[in-house]
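So you know, we letter chains A, B, ... as the sequences are listed, proteins then strands, and number each from 1.
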Number of protein chains: 2
Amino acid sequence: MKKDLRVIKTQESLRKALFTLLKTKPLETITIAELCRLARINRGTFYLHYKDVHHLFKSYVEVIVEDLKLSYREPYNKTNNNIKFIKADMIRIFHHVNNYRDFYQIVFDEHIPMMYFYMLFDTVRSFMKESIDDYTFEKVSSVQMDYYISYQTNAILGMLIEWHRQDYSTPIKELNEQLLEILTFKSPFR
Amino acid sequence: MKKDLRVIKTQESLRKALFTLLKTKPLETITIAELCRLARINRGTFYLHYKDVHHLFKSYVEVIVEDLKLSYREPYNKTNNNIKFIKADMIRIFHHVNNYRDFYQIVFDEHIPMMYFYMLFDTVRSFMKESIDDYTFEKVSSVQMDYYISYQTNAILGMLIEWHRQDYSTPIKELNEQLLEILTFKSPFR
DNA sequence: ATTATAATTAGACACGTGTTCAATAAAATC
DNA sequence: GATTTTATTGAACACGTGTCTAATTATAAT
């Protein structure tokens, strides 16, 4: 059994309306009433599908995150040099964020709920876990691993936050160099 | 010229009302109307002082952040061993978060806007900057430093996120060990 | 104590929210 | 094609939002 055509039409209209409105005003100022007027959908119908505007927006985020995952799965030159490896992994995240810059400008906005950050966090974390699982031979307890992976994951996201705050003015090439620099840096902590 | 007594009374009533309501329901469900009824303040008066509930909540956050800064300034055993140094710096952040656990459970909630995370980020970042400035002798460009500091800052916050997601079940002592482990870890990335 | 200043108030306004209802229309099933 | 099923609709409801007025009251200044 496939999905009712009416449902598809309704959801597409709302998605389109949200997309249109996002070009003119910030997400946090978009009301359900406004969306429904533009989409020519009864306001009650909105609530049959979504809880609030964020629930609708989340369906976007899922598409973007899917693209991130896809781009990550893409074949690429794997080397047995770990630092090149992690660099290749993360550089593709930088590229992805750059491609969807308009989108991430929303996600990193201070008025936007943490949930989208966590969605990004979880996705990058799964990549990070793979990288570390594949290339770490030292055995440590799983609890330790949880903290270590979250530590490394959020470190990368810290670079994205810095990028965002500098209005994405730093070119990817330079970000790339920064990351390499950091990973090979003779840290003051050791 | 000091502040009008009426203003002080109004703001204290609202703060108290928010504090009371937070014990019974999540921040995101607290309405301005509800706060004003409890505080016996006219709703119009609320708008003379605050833009929304988050603006009021922010005055809490500022108090907490102030305590974090204070606790950071406290004298402590500084050693010329850098890893002990950074560990001492960050362990006091873990303690602080533990002390205000109820509060940070709100701040890290997925429905809460990023702004509070950024406030924490900025505060920890300033500590991180000091640590690195004091103990890093290699000279690098300021742009590089911005990324490096944000990278290290958010790494620590990644541990806090992991801690939060594990319902703060990990004892501080163990977090302490985790951090030490990570900082001395023979990273797979190098 | 009197006066000047400024905060607070009640009331109203248009609009948004979240929910419910019976009526209708569109799609799926037979 | 007729029938059953289900999504959508419009209307209404109580409540919240943000803004504005004029009247009132508390505080500060004299």
Practice task
Can you establish whether the number of heavy atoms outside A/K173 located under 6.0 Å from its atom NZ is more than 12?
Solution key: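 Atom NZ in A/K173 is not crowded, with 12 or fewer foreign heavy atoms closer than 6.0 Å.
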Problem - Pair A/E34 + A/K25, salt bridge at N-O below 4.0 Å - result: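 Salt bridge flag = yes for A/K25 with A/E34.
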Problem - Electrostatic pair A/R40:A/E12 at N-O distance under 4.0 angstrom - result: no
Handout entry: Centroid-centroid under 6.0 Å between B/Y116 and B/H54 rings
Key = yes
Practice task
Would you check if the distance from the ring center of B/Y104 to the ring center of B/Y168 is below 6.0 Å?
Solution key: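 Judged by ring-centre distance (under 6.0 Å), B/Y104 and B/Y168 do not meet the cut-off.
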Table of protein N/O atoms under 3.5 Å from nucleotides 23-26 of chain C N/O atoms:
| from | atom 1 | to | atom 2 | distance (Å) |
| --- | --- | --- | --- | --- |
| C/dA26 | N3 | A/R6 | NH1 | 2.9 |

Exercise for the section: For the residue pair B/T170 and A/Y147, confirm or rule out a side-chain donor-acceptor distance under 3.5 Å. Expected result: yes
Handout entry: Polar side-chain contact B/R43-D/dG18 base: donor and acceptor under 3.5 Å
Key =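 Yes, a donor-acceptor pair under 3.5 Å.
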Practice task
Could you pull out all residues at least two apart from B/F103 that satisfy ring pair (Phe, Tyr, Trp, His ring centres under 6.0 Å)?
Solution key: B/F57
Practice task
Only pairs at least two apart or in different chains count here, so list each ring-ring contact (aromatic ring centres under 6.0 Å, His included) that has a residue in residues 21-42 of chain B.
Solution key: none
Practice task
To the nearest Å, give me how far apart CZ (B/F46) and C1' (C/dT9) are.
Solution key: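 Interatomic distance, CZ of B/F46 to C1' of C/dT9: 17 Å.
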Fill in the blank from the handout: Rounded to whole Å, the NZ-P distance (B/K9 to D/dT25) equals 13 Å
Fill in the blank from the handout: Result for side chain to side chain donor-acceptor pair (under 3.5 Å) between A/Q11 and one of A/K16, A/R6, A/H49 points to A/H49
Practice task
Compare side-chain N and O positions of B/N42 against OP1 and OP2 of C/dA10 and report whether any pair is under 4.0 Å apart.
Solution key: yes
Practice task
Could you tell me whether the phosphate oxygens of C/dT8, OP1 or OP2, come under 4.0 Å of any side-chain nitrogen or oxygen in B/T10?
Solution key: yes
Exercise for the section: Using the rule that two of Ile, Leu, Val, Met, Phe, Trp, Tyr join whenever any of their side-chain heavy atoms come within less than 4.5 Å, decide whether B/F46 and B/F19 are in one cluster. Expected result: yes
Problem - Shared hydrophobic cluster, B/I8 / B/L14 (ILVMFWY, side-chain heavy atoms < 4.5 Å) - result: no
Handout entry: Strand-adjacent residues in residues 13-40 of chain A, judged by heavy atoms under 4.0 Å from DNA chain D
Key =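 Close to the strand are A/R40.
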Fill in the blank from the handout: Within residues 47-59 of chain A, those residues having any heavy atom closer than 4.0 Å to DNA chain D are A/L48, A/H49
Problem - Inter-end axis angle, the helix from C/dA1-D/dT30 to C/dC30-D/dG1, with every axis fitted to five base pairs (rounded, 10 degrees) - result: 30°
Handout entry: Considering all heavy atoms, the nearest B/F108-B/L120 contact
Key = CZ-CD2, 3.9 Å
Practice task
Answer yes or no for A/R73 and A/F127: cation-pi contact, defined as NZ/CZ to six-membered ring centre under 6.0 Å and angle to ring axis within 45°.
Solution key: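 Judged by the rule (NZ or CZ under 6.0 Å from the ring centre, within 45° of its axis), A/R73 is not positioned above A/F127.
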